[in-house]
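Indexing begins at 1, ligand by ligand and atom by atom, following the structure's order. Quick caveat, the model's predicted, so the values are computed rather than measured.
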Amino acid sequence: MHIHSAEFIKSAQKPDQYPMAAFPEIAFAGRSNVGKSTLINVLVNRKHLVKTSKTPGRTQLINFFLINNAVSLVDLPGYGYAKVPKKLRYSWGSMVETYLSRRESLKGVVLIMDIRRTPGVAEFDFVAWLNQWGIPGILVLTKTDKLSRNQQIKQQTAIAKQFSRHSEEFILFSGKTRSGQATVWAAIEALVGNTD
Ligand code: GDP
């Protein structure tokens, strides 16, 4: 994947603040601190396009980026950070649910999970949402560099089982070694077409 341009377009909370739906769009979701910003930055080959959040749970905005003038990537606010007040947690739910249910250019959502963690209610609910709206999900297990190859396979198998899916449906990724980057792009391009 050759990245010749990657630009921040705007931040939004509500649909009337979204940019025009002029490009096929892929959104990224995951628990706060899971490595979502890192994954997007690795995909677009830029160190700081997406600011990695020093204060987890603080950024409660939907951020839109345009890549190669061809595909729009959307950073959804991270979920599940315990210190976020209940009121904010609610607004996270309504903000993300509104986006997922109404964005006509949305072609798929990359759901990022830490390969070392057992998925929880938040992940199962999220996949249920995607199914409910017929939005294709790209499932990514990140931070694989923290485990041995054997442990990675073991975790991939266990997590897939919990979702009643095949283990090959979970892409292994590392923001540190960048392994899996091409596989994530291939999954994105299968949904949006060629983006070179
Ligand atoms: P976000 O809150 O989901 O956007 O997470 P960030 O991308 O800001 O990452 C959270 C922390 O995890 C940072 O300290 C990153 O350096 C680290 N991190 C992210 N991805 C990886 C990875 O694949 N491997 C390792 N070892 N650390 C990672």
- Query: Can you list the ligand 1 atoms lying under 4.0 Å from a non-hydrogen atom of Gly175?
  - Reply: 22 (C), 23 (O)

Give the single entry among [options] that approaches [atom] most closely by any heavy atom.
atom: atom 4 (O) of ligand 1; options: Ser37, Pro77, Ser174, Ala29; result: Ser37
atom: atom 18 (N) of ligand 1; options: Lys146, Lys143, Lys176; result: Lys143
atom: atom 26 (N) of ligand 1; options: Ile40, Val34, Asp145; result: Asp145

- Between Thr142 and ligand 1, which part of the residue brings a heavy atom under 4.0 Å of the ligand: side chain, backbone, both or neither?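 For Thr142, only side-chain atoms sit under 4.0 Å from ligand 1.
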
- Message: For the NE2 atom on His166, are there more than 12 heavy atoms of other groups (residues, nucleotides or ligands in this structure) within a distance under 6.0 Å?
- Response: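 Incorrect, the count does not exceed 12.
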
- Query: In this structure, are over 12 heavy atoms from other groups packed under 6.0 Å from Lys154 atom NZ?
  - Reply: no

- Look at the side chain of Gln156 and the backbone N and O of Phe170, then say whether any donor-acceptor pair between them is shorter than 3.5 Å. yes

- Query: Given Leu106, which of Arg102, Glu104, Arg103 fulfils the side chain to side chain contact (heavy atoms under 4.5 Å, CB included) condition?
  - Reply: Arg103

- Message: Polar contacts were defined as any N/O atom of the residue lying under 3.5 Å from an N/O atom of the ligand; does this apply to Ser32 and ligand 1?
- Response: no

- Using 4.0 Å as the upper bound for N to carboxylate O, is an ion pair formed by Asp75 and Lys36? yes

